[in-house]
Amino acid sequence: MKKRFQVAIDRELCKGCELCIGVCSIQLLTMTAKLNRKGYHVAESANTKECTGCLKCARMCPEATIEILSEP
Amino acid sequence: MKKRFQVAIDRELCKGCELCIGVCSIQLLTMTAKLNRKGYHVAESANTKECTGCLKCARMCPEATIEILSEP
Amino acid sequence: MHERILIAGSGGQGIVSLGKLLAGLAAETIPHVTFFPAYGAEVRGGTSNCQVILSANEIAAPIAEIFDSILVMNQQSAERFLKALDQDGLAIINQSLCNVPAPERHLLIPATEIADRLGSIKAANLVMLGAWLAHKPLIAPTAVENAIASHFHGAAPALATINIKAFRAGLARGG
Amino acid sequence: MHERILIAGSGGQGIVSLGKLLAGLAAETIPHVTFFPAYGAEVRGGTSNCQVILSANEIAAPIAEIFDSILVMNQQSAERFLKALDQDGLAIINQSLCNVPAPERHLLIPATEIADRLGSIKAANLVMLGAWLAHKPLIAPTAVENAIASHFHGAAPALATINIKAFRAGLARGG
Amino acid sequence: MKTTKSGYRRPASLTKAPMHYCAGCGHSTAHKLLAEVLDELEISERTIGVAPVGCAVLAYFYLKCDIAEAAHGRTPAVATGIKRALPDRIVFSYQGDGDLAAIGLAETIHAANRGEQITVVFINNTVYGMTGGQMAPTTLVGQVTATSPSGRESATMGGPLRMCELLNTLDQPYYIERVALDSHAGVLATKKALRTAFQAQVEGRGYSFVEILSACPTYFHRSPLESLKFVGGEMAKQFPVRIFRKEGVALHA
Amino acid sequence: MKTTKSGYRRPASLTKAPMHYCAGCGHSTAHKLLAEVLDELEISERTIGVAPVGCAVLAYFYLKCDIAEAAHGRTPAVATGIKRALPDRIVFSYQGDGDLAAIGLAETIHAANRGEQITVVFINNTVYGMTGGQMAPTTLVGQVTATSPSGRESATMGGPLRMCELLNTLDQPYYIERVALDSHAGVLATKKALRTAFQAQVEGRGYSFVEILSACPTYFHRSPLESLKFVGGEMAKQFPVRIFRKEGVALHA
Amino acid sequence: MKGAVTVESKRVLMTGNEAAAEAAIRAGCQCYFGYPITPQNELIAYMAKHMPAHGRVFIQAESELAAISMVFGASLAGARAMTSSSSPGISLKQEGISYLAGCQLPAVIINVQRGGPGLGNIDPAQGDYFQATKGGGHGDYHIIVLAPASVQEMHDMTFQAFDLADQYRIPVMILADGRVGQMMEPIRLQEGPAPIPPAKPWALTGAKGRAPQCIRSLFLEEGALEKHNLALQECYRRIAAADTKLEETHTADCEWLIAAWGTCGRIGKGAVQKARAQGIKAGLIRPLTLWPFPYERLARLGAQVKALLVVEMNCGQMLEDVRLAVNGATPVHFSGYPGGRVPTVSDVFNALTALVRQ
Amino acid sequence: MKGAVTVESKRVLMTGNEAAAEAAIRAGCQCYFGYPITPQNELIAYMAKHMPAHGRVFIQAESELAAISMVFGASLAGARAMTSSSSPGISLKQEGISYLAGCQLPAVIINVQRGGPGLGNIDPAQGDYFQATKGGGHGDYHIIVLAPASVQEMHDMTFQAFDLADQYRIPVMILADGRVGQMMEPIRLQEGPAPIPPAKPWALTGAKGRAPQCIRSLFLEEGALEKHNLALQECYRRIAAADTKLEETHTADCEWLIAAWGTCGRIGKGAVQKARAQGIKAGLIRPLTLWPFPYERLARLGAQVKALLVVEMNCGQMLEDVRLAVNGATPVHFSGYPGGRVPTVSDVFNALTALVRQ
Ligand SMILES: Cc1ncc(C[n+]2csc(CCOP(=O)(O)OP(=O)(O)O)c2C)c(N)n1
Ligand SMILES: Cc1ncc(C[n+]2csc(CCOP(=O)(O)OP(=O)(O)O)c2C)c(N)n1
Ligand code: SF4
Ligand code: SF4
Ligand code: SF4
Ligand code: SF4
């Protein structure tokens with residue numbers, strides 16, 4: 001059975017660098033127009049349930065902002 | 001006609017290091033028991049007229065103490 | 001005339017360049033001008049602020065304690081600096097990133113959002129400047145626009161347009 | 001008892017080691033001892049000198065201006081230092097390398113030549129020591145010989161012999 | 001906390017504090033990877049890091065291990081002092097190119113030459129970040145910086161120093177590798193290099209050195225994504241990414 | 001004054017002062033050869049030398065050209081300042097291994113890396129002469145010195161730094177050679193290397209570096225003749241004598 | 001000039017760092033060697049841009065040690081040479097400064113101080129007074145130390161520094177702080193042709209047509225170093241006699257004297273004006289040269305006033321020179337701000353009135 | 001101990017340099033880092049030989065900069081650490097000393113001074129008083145400075161230095177001169193078990209069982225550096241109150257006071273004895289701690305005597321502290337020997353009698 005994953009992005013840690021965006025092969029992550037308290041645009045993940053658990057975005061994120069949790 | 005050379009050693013500059021002694025293929029140079037003002041044993045050249053003008057001793061002497069003059 | 005201005009915000013908000021721009025333009029017509037940037041740290045991402053003093057007379061102490069105008073661009077700066085506003089002073093507050101009560105001397109402007117909509121959040125500082133100038137007409141708006149145009153000349157004409165628009169939006173909002 | 005001794009010569013003559021030897025042996029029996037080497041320069045080949053003070057009482061100033069004994073081993077040192085000899089003082093002069101007039105307080109010893117003949121010009125310093133001890137019996141000659149023997153122990157027994165001979169030659173010459 | 005196929009969590013050795021680095025800065029990624037390695041080797045409680053003067057001077061806010069702050073460039077000498085005093089601790093220095101290759105070049109080479117049992121993490125971003133984007137010893141020829149406003153010109157300013165190559169002429173180092181934080185693969189390689197380097201120290205094998213080609217978007221005057229391209233492109237061309245020394249043996253290219 | 005088959009005279013660029021160096025010291029020979037080269041290239045009147053702190057600190061007593069005295073290790077930086085101020089003069093630094101490879105290592109490498117148009121004469125005698133025979137960065141493994149009384153031990157003190165090899169990893173240097181004052185042939189080779197190095201500078205070609213393996217009989221604790229054997233034997237084994245770079249091109253061994 | 005905006009015909013708005021850099025160029029500085037450090041980075045950046053454009057030498061050195069040594073080299077070759085840094089970097093230059101002083105070489109060194117000790121912070125501070133004036137390096141020497149309080153003075157003092165350095169063959173330090181360095185003010189630039197430095201027959205330029213020369217600070221011959229050091233002291237006396245400079249405000253009739261330097265001096269002036277406005281007979285003495293220090297003038301003022309207040313952004317450094325000058329004649333009080341906080345006019349005014357009320 | 005000759009049961013003849021080295025070992029110094037320089041080479045050679053034999057750390061560093069930084073590292077890891085050098089090398093350590101002070105790290109630093117400025121010469125001199133006591137590095141800080149006058153004091157003061165350093169978390173400098181370093185005298189060695197250093201909970205030893213710690217001198221938060229600097233000053237006041245040390249000779253009834261430190265103090269004692277022998281009421285004050293300086297005791301003596309004579313092997317450095325202490329109460333005269341000449345007893349005696357005759 002295919003494992004399910006949850007993608008959690010800590011909005012306040014995100015700096016909007018966009019390094020996570022391109023590495024996701026199924027383009028799950030997008031930049032938003034939203035600003036966090038520091039004034040950065042933040043990344044968001046849509047359709048979290050599609051996540052394959054490749055962890056690429058989490059590994060790319062300089063700020064360790066993205067956590068991928070496998071659902072049990 | 002074979003050139004003649006004169007070997008002049010500045011006794012006061014000599015430090016008795018003996019580096020000149022061995023390089024002379026005809027063993028023209030010898031250490032003496034004499035001391036110069038600084039307390040060094042000094043080298044001397046015997047039979048200066050035998051000198052072949054190879055300049056090896058002059059080149060070896062760290063102190064530029066040995067001058068080889070070719071006689072005209 | 002003795003106008004003490006404080007501009008404050010976070011590292012990347014163009015606080016220091018705004019202060020420099022203001023001081024440079026002011027110095028063309030006002031006899032005594034000092035500009036002083038305070039770097040929070042020799043590091044990235046901290047807070048940033050600067051002071052500009054414009055005066056008809058010699059400025060003995062180039063550092064003010066209370067200010068006639070305060071422009072704050074983020075929450076931290078608002079919390080830290082607004083208390084230094086003179087009782088008759090004017091505060092311009094970047095509402096996009098600050099959450100402060102707004103008594104009458106406070107002018108709230110969503111500068112970052114305005115700038116973002118115009119194409120670059122980096123232009124928020126000019127929104128702030130525009131709003132301030134609307135209340136304190138110490139510099140001619142055309143002089144500001146010329147300065148922006150020549151600053152971005154060549155390198156990025158598109159940016160010049162965005163920044164001028166931002167400035168005008170501020171001017172309009174402030175008025 | 002308050003004996004101020006100066007030993008001087010050129011860099012390679014073992015001036016400092018002689019001073020150290022003397023001070024070390026003296027300290028075994030004499031309550032107050034200082035030894036001070038003066039390096040001419042942080043470089044090779046300059047002159048070298050040292051002072052030893054032996055005293056029954058505390059030595060306030062560990063530096064003397066005039067000396068009870070002066071041992072000079074080369075011309076430069078002789079010229080420089082002999083004038084610092086106390087009027088009742090004793091000078092031991094290495095005749096091999098010094099050319100000085102010899103008033104009665106001056107003892108001329110061809111120390112370098114003696115040492116050379118014994119097998120090492122480096123032992124000239126011990127010739128000097130021997131000659132001095134002959135006049136100022138402040139240390140037992142056997143103590144000196146033991147110290148020499150143990151110094152060269154292992155490394156170079158042949159050198160120990162040469163040096164002891166040199167010392168004895170000095171002792172004999174001095175007497 | 002291990003990063004396995006089963007997920008990714010913020011490493012335990014990384015504090016919760018937001019890092020002050022600019023968006024897309026390689027320091028952030030390097031810190032994160034360092035924290036992962038401290039977690040995986042379970043050494044954070046016996047590790048002492050030495051932070052440089054440079055953008056990473058505040059590393060103690062982020063890394064959950066003891067951290068000292070060295071004078072600019074003296075970082076490996078400080079690490080030497082710590083390691084010699086406490087030989088059973090894990091000691092690393094973390095340095096920028098100004099710190100490591102300019103003012104601290106002598107300390108860098110001599111610590112390596114003594115084979116100090118430390119790990120040196122070298123962030124090569126070709127500029128001085130903290131002081132405002134000046135030329136570094138590793139600045140590329142032609143690169144514009146605050147102090148090479150017309151681009152670095154090799155005839156008067158010299159060319160980029162290749163530190164791995166320099167250190168590889170020495171006998172003592174145990175492990176020397178250059179990696180690039182230019183892509184996902186680069187992140188993985190960097191992590192692996194750091195792990196190897198720290199592992200070597202844990203096993204007492206000697207001096208290890210990891211050079212990380214790293215983005216400084218602010219002073220590259222490029223976006224974070226463009227900056228990664230610069231790292232993987234122009235930088236990696238000048239600074240070949242590879243293992244220079246493994247288990248004490250120099251591998252020649 | 002040229003030294004031709006017709007005789008040898010004390011070079012005109014050497015003063016008449018007896019040198020203070022110990023008997024058999026390589027500094028004396030190196031000074032003499034330097035003076036010969038200044039004579040032959042006829043440059044002594046436009047040459048400015050920088051003497052190090054080390055046994056050669058008094059070089060100004062012996063060499064008939066303008067000479068400055070640098071702080072310990074800063075010799076190439078001082079030479080850089082002079083050459084940049086007076087680009088048409090001939091500028092050389094003359095340095096021992098402590099000066100060049102320990103305290104001054106950063107200055108040495110950076111001057112080379114900038115390709116300063118200077119000539120560096122490096123006397124490698126494996127010890128600190130002036131201060132009393134302490135360990136140098138070039139001390140051989142096992143060699144006994146005042147600060148390695150049981151012999152240099154590579155595990156804690158490192159191994160001998162090979163400066164030519166280090167500098168040869170840089171792009172800018174024009175000429176790098178190592179020679180040994182171990183024999184008559186070595187003297188000739190040294191003279192030739194010095195001549196090539198200065199000639200390169202006269203022609204404005206760039207940075208030149210000559211490492212001279214040299215005897216320090218006093219702290220080798222050997223006679224002058226035995227010292228030469230040590231230079232040509234154990235030292236040359238550790239420090240291979242050869243041209244490393246010629247006309248800007250690295251020659252690989 | 002990058003970042004400069006021309007005002008009127010003759011005024012330009014610049015930071016103190018840029019103003020100093022431009023002054024050096026106008027004074028004929030031929031060689032600049034520096035290493036980045038906040039808060040003086042605008043200076044090195046300015047030089048990086050403008051020195052090559054003027055055909056002069058700019059090198060970003062590998063360290064402060066290398067930079068000061070390059071200055072040493074350029075100076076001994078006869079060139080006007082300068083370096084700049086901030087506190088920790090200036091500490092690294094101490095050996096080099098001692099060598100420059102020992103070799104009697106002219107040089108200009110700018111220290112835009114920051115908070116210390118150690119890494120401290122980069123806020124304005126005045127913690128390096130002792131280091132600059134008493135000799136942070138080894139041995140008995142002095143360098144001339146000038147203390148600017150405005151961007152105009154950063155410019156003018158740097159300009160003068162080159163002449164002073166050449167005239168006395170001595171290093172001259174501009175001891176500024178982050179405030180003066182970072183602040184922008186409209187200034188009038190030094191105009192006209194660059195000054196012509198004096199002939200430097202002592203410089204090493206190659207021995208053509210003369211005997212070879214040496215620049216050294218090693219004096220091994222007996223008594224030589226003592227002679228040399230006494231000659232240095234003699235030179236220092238000449239400088240003290242001719243070139244001690246200070247600024248006075250309302251001192252003629254003052255009963256309460258503030259002594260302060262640099263930025264604190266400027267703020268002190270504000271406090272004096274405030275005090276005068278309230279009828280307090282306050283005055284200000286601001287040494288423009290910290291070495292040589294205006295001992296004599298201060299001794300006379302010390303005899304005149306009821307008390308002195310020394311204000312510094314440190315824990316009391318010039319304070320000692322003031323006390324040496326006053327020599328017990330009147331009480332000397334101190335207000336110190338160590339760590340980057342710049343006192344305000346009110347701070348100083350309050351400290352003064354507290355004294356008056358006592 | 002190399003070069004040492006055992007005398008009686010308890011006396012050994014050593015140079016001052018060796019005596020200091022042996023004291024460090026007996027005080028439990030765990031790490032020594034040094035770089036050769038005359039006139040302290042016997043010290044580093046001694047450590048090279050004996051530290052490894054005791055299982056301690058010895059490194060000949062690549063430079064003085066590296067050496068002081070290694071000391072910084074070892075100290076922050078909780079070890080007793082030491083370095084030694086001489087004037088130019090000490091100048092190079094100034095940044096590092098400022099960092100040690102800023103981080104409140106204990107360390108022992110020996111400066112066997114030589115003549116300066118620059119390369120100077122290697123004769124005994126006292127030209128680094130200002131550097132040592134006023135802070136040769138940047139920022140407001142002090143270090144404890146001890147001034148030995150004999151081989152015994154080289155030994156004892158070095159031994160005590162480690163305890164002082166740990167007690168106050170401060171660098172301690174032994175400010176010796178070439179004479180004290182090179183001289184041999186028979187001394188009594190510190191016996192008994194090595195002192196036990198205080199616990200160092202601040203040290204970085206790995207965060208096992210506690211929160212991670214940081215050793216730093218960077219204080220960016222607003223007001224933090226000021227707070228830190230005021231805390232340092234508070235510590236300095238405690239040290240001054242508890243650990244100001246001096247030696248007095250014939251001061252009870254003296255009318256003429258010699259003030260001198262180190263070697264000059266010892267020679268001054270000879271001059272005082274000579275003066276007393278001739279009926280002149282001379283006395284001597286010899287500060288054993290140069291920082292903290294015995295201002296109070298000197299102020300009281302200043303009120304007692306007709307005049308003071310300061311004798312130093314420099315151009316007048318401690319002189320300023322003496323003048324600050326005396327604060328105008330009595331004339332202060334000066335005899336200086338800058339450049340390596342050591343004054344003789346007669347020199348000092350003559351200077352004193354010249355004063356008396358005036
Ligand atoms: C002695 C000294 N010199 C200079 C500085 C200023 N300074 C701080 S960080 C730095 C260099 C930063 O560059 P790098 O080491 O490459 O690190 P990055 O900031 O790029 O990560 C400099 C020159 C200093 N703090 N101390
Ligand atoms: C800053 C400084 N540190 C140390 C010294 C002491 N010192 C003088 S020369 C020297 C090293 C000499 O060795 P090397 O450079 O190899 O030259 P050599 O004497 O062997 O020719 C040292 C450490 C100094 N003068 N200045
Ligand atoms: S990589 Fe991280 S910081 Fe960058 S945009 Fe994505 S979530 Fe934000
Ligand atoms: S080589 Fe020269 S110094 Fe040596 S013994 Fe021969 S002549 Fe004398
Ligand atoms: S300036 Fe550069 S190195 Fe520094 S935090 Fe920003 S991106 Fe990173
Ligand atoms: S000590 Fe060595 S290097 Fe120095 S002069 Fe003597 S032999 Fe030459």
Side chain, backbone, both or neither: which part of G:C103 has a non-hydrogen atom closer than 4.5 Å to chain H? neither
Could you have a look at H:S98, H:G139, H:G116, H:G118 and say which one has the most heavy-atom pairs with chain G under 4.5 angstrom? H:G118
In this structure, CG of H:L65 is separated from CG of G:L92 (nearest 0.5 Å) by 6.5 Å
Evaluate the side-chain proximity of H:N229 to G:N314: yes if any heavy-atom separation is below 4.5 Å, no if none is. no
Please flag which part of G:I97 lies under 4.5 Å from any non-hydrogen atom of chain H: side chain, backbone, both or neither. neither
G:Q94 side chain to H:S91 backbone, donor-acceptor under 3.5 Å: no
Interface residue of largest heavy-atom contact number with chain H, from G:G135, G:G120, G:G137, under 4.5 Å: G:G120
State the OH-SG distance between G:Y141 and H:C315, to the nearest 0.5 angstrom. 13.0 Å
Top contributor to chain H contacts, counting heavy-atom pairs under 4.5 Å, from G:G102, G:G136, G:S86: G:G136
If I measure from the heavy atoms of chain H, does G:Q131 come under 4.5 Å with its side chain, its backbone, both, or neither? both
Which distance, rounded to the nearest 0.5 Å, do you find between the CG of G:D140 and the CD of H:Q317? 4.5 Å
Just wondering, do G:I122 and H:L220 contact through their side chains at under 4.5 Å, heavy atoms? no
With a 4.5 Å limit on heavy-atom distance, are the side chains of G:L232 and H:P117 in contact? yes
Could you tell me if the side chain of G:L324 sits less than 4.5 Å from the side chain of H:L324, heavy atoms only? yes
Please report the interatomic distance OH(G:Y337) to CG(H:L230), rounded to the nearest 0.5 Å. 11.5 Å
Indicate yes or no: at least one non-hydrogen side-chain atom of G:E320 is less than 4.5 angstrom from one of H:K134. yes
Considering only NZ, NE, NH1 and NH2 on the basic side and carboxylate oxygens on the acidic side, decide whether H:R341 and G:E222 come within less than 4.0 Å. no
Around H:E221, counting heavy atoms of other residues, nucleotides and ligands shown, do more than 12 lie under 6.0 Å from its CD? yes
Name the option with the most non-hydrogen atom pairs under 4.5 Å to chain G; the candidates are H:Q233, H:Q113, H:H228, H:R216. H:Q233
Partner chain G: residue of H:N121, H:I90, H:N111 with the largest heavy-atom pair count (under 4.5 Å): H:N121
How close do G:Y99 and H:L119 get, counting heavy atoms only, and between which atoms? OH-CD1, 3.2 Å
Would you say H:H138's side chain and G:G127's backbone share a donor-acceptor pair under 3.5 angstrom? no
Chain H contacts, top residue of G:R323, G:Q126, G:E226 (heavy-atom pairs, under 4.5 Å): G:E226
Below 4.5 Å, heavy-atom pairs only: which of G:A132, G:P88, G:G328, G:S87 has the largest tally toward chain H? G:P88
